[in-house]
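Worksheet for the structure shown next.
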Protein chains: 4
Amino acid sequence: MKLLWGTANLFSNRRYMAGAASNPDPDVFLYAAAQVKNVFDITRDLGGENYVLWGGREGYETLLNTSLKRELDQLGRFLSMVVDYKHKTGFKGAILIEPKPKEPSSHQYDYDVATVYGFLKAYGLEKEVQVNVEQNHAILAGHSFEHELALAAALGIFGSVDLNRGHYQLGWDTDQFGMNVPELTLAMVEIMRAGGFTTGGFNFDAKIRRQSLDAEDLIHGHVGSMDAMAKALLSAAAIIEDGALDGHVEQRYAGWNAELPQAVLKGEKTLEDLAAHVEATRLDPQPVSGRQEYLESLVNRFC
Amino acid sequence: MKLLWGTANLFSNRRYMAGAASNPDPDVFLYAAAQVKNVFDITRDLGGENYVLWGGREGYETLLNTSLKRELDQLGRFLSMVVDYKHKTGFKGAILIEPKPKEPSSHQYDYDVATVYGFLKAYGLEKEVQVNVEQNHAILAGHSFEHELALAAALGIFGSVDLNRGHYQLGWDTDQFGMNVPELTLAMVEIMRAGGFTTGGFNFDAKIRRQSLDAEDLIHGHVGSMDAMAKALLSAAAIIEDGALDGHVEQRYAGWNAELPQAVLKGEKTLEDLAAHVEATRLDPQPVSGRQEYLESLVNRFC
Amino acid sequence: MKLLWGTANLFSNRRYMAGAASNPDPDVFLYAAAQVKNVFDITRDLGGENYVLWGGREGYETLLNTSLKRELDQLGRFLSMVVDYKHKTGFKGAILIEPKPKEPSSHQYDYDVATVYGFLKAYGLEKEVQVNVEQNHAILAGHSFEHELALAAALGIFGSVDLNRGHYQLGWDTDQFGMNVPELTLAMVEIMRAGGFTTGGFNFDAKIRRQSLDAEDLIHGHVGSMDAMAKALLSAAAIIEDGALDGHVEQRYAGWNAELPQAVLKGEKTLEDLAAHVEATRLDPQPVSGRQEYLESLVNRFC
Amino acid sequence: MKLLWGTANLFSNRRYMAGAASNPDPDVFLYAAAQVKNVFDITRDLGGENYVLWGGREGYETLLNTSLKRELDQLGRFLSMVVDYKHKTGFKGAILIEPKPKEPSSHQYDYDVATVYGFLKAYGLEKEVQVNVEQNHAILAGHSFEHELALAAALGIFGSVDLNRGHYQLGWDTDQFGMNVPELTLAMVEIMRAGGFTTGGFNFDAKIRRQSLDAEDLIHGHVGSMDAMAKALLSAAAIIEDGALDGHVEQRYAGWNAELPQAVLKGEKTLEDLAAHVEATRLDPQPVSGRQEYLESLVNRFC
């Protein structure tokens, strides 16, 4: 398992906007293409490890003036050209999209991890592009941080992480430093379950609060958040090493390892086969407890 | 253009849960398969026009006890079996999934239209299954009703509509009768832009409020909502026939009809080509107003 | 009934921040006092009709560095001094507070109408200060626009209205021009039920959208919103004149006009009296329908 | 300082609905009065320590059929009768209201702590009735748990606590067992700052999740949450004993202890006095950092 820390981002270029690609004016698309090519070249020359096609602009304000279909096609084409260029120029790093649901636009095309995955699949790019997940964007989209990480891993598009924290009671991007140890622990558990980072790492794309005015606040933000992450990493490692949590999940799905369920998953059974089996065996499945309270307590022992 | 009204649903069976398919216990999956087969048979025999694999249960409460990857694969397999069975038995109707982000679960696998599309693409089912869009579920997922409709159309998976309205200040499914004429008008505009219904129609999956106790409340709910929809349909038809709104959108993207942008969209240009063009022509695109206030006023003239 | 339109605000000074009054540094309080005095003097000399002690800053980011008690007391003292100064200098206009729940702060002391009322009562100012209600702030606080207006009227602190509209899917202040006719109609109904404005009026504290770049967008915003309000005013007037809606409400509470309920409301009955009455009469109240669907349809007939 | 734990509630009667008091039908009010009297008598006879007039019903669905003014007056009268009865019958316990913003109603009259305070002030009951604060209801109202506790203490109406936790991504009452140690720690800090409980205590008004089916889940929920609270109590006690956090807050407002600010707070200065002072001293206050990141890190050291 490989855990690359924030410093990895020193060698990665990020945040170049591709949002312009969804513009109604094709000249904006062309201009954005030229810009991305140039910054991509610099990234490659500097030995960058990944390239984040930062979002935050590829969305719309109102459908009254917007053609979703056209804008999605434009974005798909743009991204395909970037991927082609990557291969042609021998860049080895990852190309990443950062899901974000809104702000400043009312609706963004890369709303969340699931939406980005569907977009990548639609344009045949799901093997070429990964996601850069941010806690703040996760909660704005109605998800937990760990959900977005686990889903990215399940879909095979987990790339990198922006560590800024959103405020749970506010509806915009506060980009606070991550300080919530239990939440970071659950995030670390998902990253470890996914096998750790293969590219990217944790990026402190955070800012100090409006009222934090001194240089030392910047230091406290970084040190405090790094400490919180270290604590979370230790807790997550202990949870994984202990094995009880993963063992519980494994055991919960253990029934699927039997012959019939495996045949079902391999596509060897039809709906009629299963209906016949249910009737023949007078199958009468009983609900089994999900043990949420126990598992929450279990995690608390490690935090 | 074909607009099928709510009565179409008299001949469609709906709401059979496939949610059990994502259960940790394979016996629940088997049992659900048998149930769906049986109800599918009845639907076909009764001449049903579509079959909604109703959601609302295929989600999870906590990742502490959940394997996203396993549950998505199970759901994908289940849905594939249903599609196979449809073809084998000659059912002509549509198979539909109804996106819903949560409730009763904390997170559902069919969160919104974009998420369902990605799921269908992942399992090669995007030509086989469409969505049944509901306003209430749209706003719970952080989208407008018209966004979900427009996106489903853009992605080629628009199927049918549940017309229940959510309360804008509450975070759960209130399933009120649709009464908001301007919102319904925008929905009708998107449905008309998409070419109208080819299957399904509008379904009043609504209930009267907890304090509406009399039989006549049920009548007022249906009549009032039908009136609101009729008003919205007339307004939307007038907007489409007037042509100013669609003309504005068409004109906004008109630049894309030129030779170079068309070549870009056809995949005939590379990032280098575009960068060279930008440099050669010293391209300097200027922002153009999106005219949101004008367009909102324009729509208001028809409502 | 007196309905003053937006032009009334030409003669009212507004938006002077009193937020500084809740600052941990007393010098900021002193400075704010001097500023408010000066701007108050100008307002009076120019014949201003009201004075909005604009909020948006009197809140906190984190309780870790905040004393709620101290800051509330400071704000209460500040407001009392402003009221004293008003009377001393013979200003006849209204002093207004504008409720807003958050942004840029995480939590504001003047969260909503109910919170402002409690604050005014705590410092004995409820007869001296009214509220300036804004739709955008209402929905950010989890309320409907009409709720905030009706509550302000019920509590006797209804002052003036900012007409900017929030986006229902976003969690920050978008300050769009009001275009939603049914929502504006319900707001107008509440203002009319309250007897109309006695001070203030409607203020277009709105801005055009980020993508609306031209001068004419500003005109379309103002004209379109004014048209929407005119339509809403006509609809609301028709609803009030028709009388069916108000009659329904009146009739719903009609039981309270009887002798016993009136004695209860006058404080002439005790809990024991009522318990004895219930027992003696074997009272068995039956639920009565709230008729929400009928009333929503009724309103739709006028919009 | 007195910290009463959950067991205290064995001797307190709670949850008797007063919501009926805001009903349009006065007979419902009368019936509710009889019910509350009877249950109050039982509470007193059993030695109950407090009496929660549980809410959750005193709200409305739509203003179309509702008179806010009438319903607030009815609730005020009802509560006054209960208070009178308490004194007459010599009950020594506290009467508590539990703020909740919504569910099942669209809007409740006891939305949050600030709203309840305003209501109590309006009917002269702020010395007679306190609040029972719940984390789940706090977050549904857009507040943090610690905000509601700190505000209740600042307003002098802090009574008791319901410890159920809400889900941060969902918009309804999930009533989960409290397991979030950092959040509970901040809550404990506010309770300790307020001097601890004088009545009431922590009440586990929680339920296990829908999928937690076994008797042992109930035990895990209670034990796990009690452990989390014990951990939080120890952390909070350490934070208070350490003194750095409280010292920081004290020091932040220290300027207010000077002569002039004290005279301001005592009401001995006018707006003109302060303006003259600012001019005479050419006062030029400078912003001071709020140190949020440092303070968050400081708290993390104790959790």
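Keep in mind it's a predicted model, so treat the numbers as computed, not measured. Note on naming: letters A, B, ... go to the chains in the order of the sequence lines (proteins, then strands), and numbering restarts at 1 for each one.
Among W256(A), Y31(A), Y60(A), the residue with the largest count of heavy-atom pairs under 4.5 Å with chain B is W256(A). By number of non-hydrogen pairs under 4.5 angstrom with chain A, the leading residue of D84(B), V264(B), L72(B) is V264(B). Interface check for chain B: of the options D112(A), D73(A), L265(A), V116(A), the most heavy-atom pairs under 4.5 Å are formed by L265(A). Interface summary for chain A: among L271(B), V249(B), L274(B), the most heavy-atom pairs under 4.5 angstrom belong to L271(B). Listed options A150(B), P261(B), A258(B), S67(B) were ranked by heavy-atom pairs under 4.5 angstrom with chain A; first place goes to S67(B). Counting heavy-atom pairs closer than 4.5 Å to chain A, the top residue among E250(B), H248(B), H143(B) is H143(B). Ranked by heavy-atom pairs under 4.5 Å with chain A, the list R291(B), H147(B), K269(B) is led by H147(B). Taking chain B as the reference chain and counting heavy-atom pairs below 4.5 Å, the highest number among K121(A), E190(A), H107(A), Q292(A) is found for H107(A). Interface summary for chain A: among F119(B), Y111(B), Y117(B), the most heavy-atom pairs under 4.5 angstrom belong to Y111(B). By number of non-hydrogen pairs under 4.5 angstrom with chain B, the leading residue of T115(A), D246(A), L283(A) is L283(A). Note on P285(A), A141(A), G255(A): by heavy-atom pairs under 4.5 Å with chain B, the leading option is P285(A). Your options are R77(A), H277(A), E61(A), and the one with the most heavy-atom pairs under 4.5 Å with chain B is R77(A).
Checked by atom type and distance alone, the side chain of N65(B) pairs as donor or acceptor with a backbone atom of G290(A) at under 3.5 Å.
Side chains of T66(B) and R252(A) form a contact here, defined as non-hydrogen atoms less than 4.5 Å apart. Within the 4.5 Å cutoff, the side chain of L64(A) has heavy atoms near those of the L186(B) side chain. Counting only heavy atoms from C-beta outward, the side chains of V189(A) and L63(B) never approach each other to under 4.5 Å.
Annotation: E268(B), atom CD; neighbour count of heavy atoms from other residues, nucleotides and ligands within 6.0 Å is above 12. Open room surrounds CD on E279(A); 12 or fewer heavy atoms of other groups in view lie less than 6.0 Å from it.
A distance of 6.0 Å separates CG in L151(B) from CG in L68(A), rounded to the nearest 0.5 Å.
Proximity to chain A is absent for every atom of D41(B), based on heavy atoms less than 4.5 angstrom apart. Heavy-atom distances place no part of S80(B) under 4.5 Å from chain A, backbone and side chain included.
Minimum interatomic distance between K37(B) and A275(A) (heavy atoms only, all atoms of both residues): CD-CB, 3.4 Å. In plain terms, the two heavy atoms of L260(A) and L30(B) that are nearest each other are CD2-CD1, 3.8 Å.
Of the residues Q74(A), E71(A), R70(A), the one that meets the side chain to side chain donor-acceptor pair (under 3.5 Å) test with Y253(B) is E71(A).
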Fill in: Test salt bridge (Lys or Arg N to Asp or Glu O under 4.0 Å) applied to E272(A) and K88(B), step by step
CA-CA 11 Å; E272(A) 307 94 291; K88(B) 190 184 301 178; 2.6 Å; yes
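Residues of residues 293-303 of chain B placed with any heavy atom under 4.5 Å of a heavy atom in chain A are listed by number as L295(B), E296(B), V299(B).
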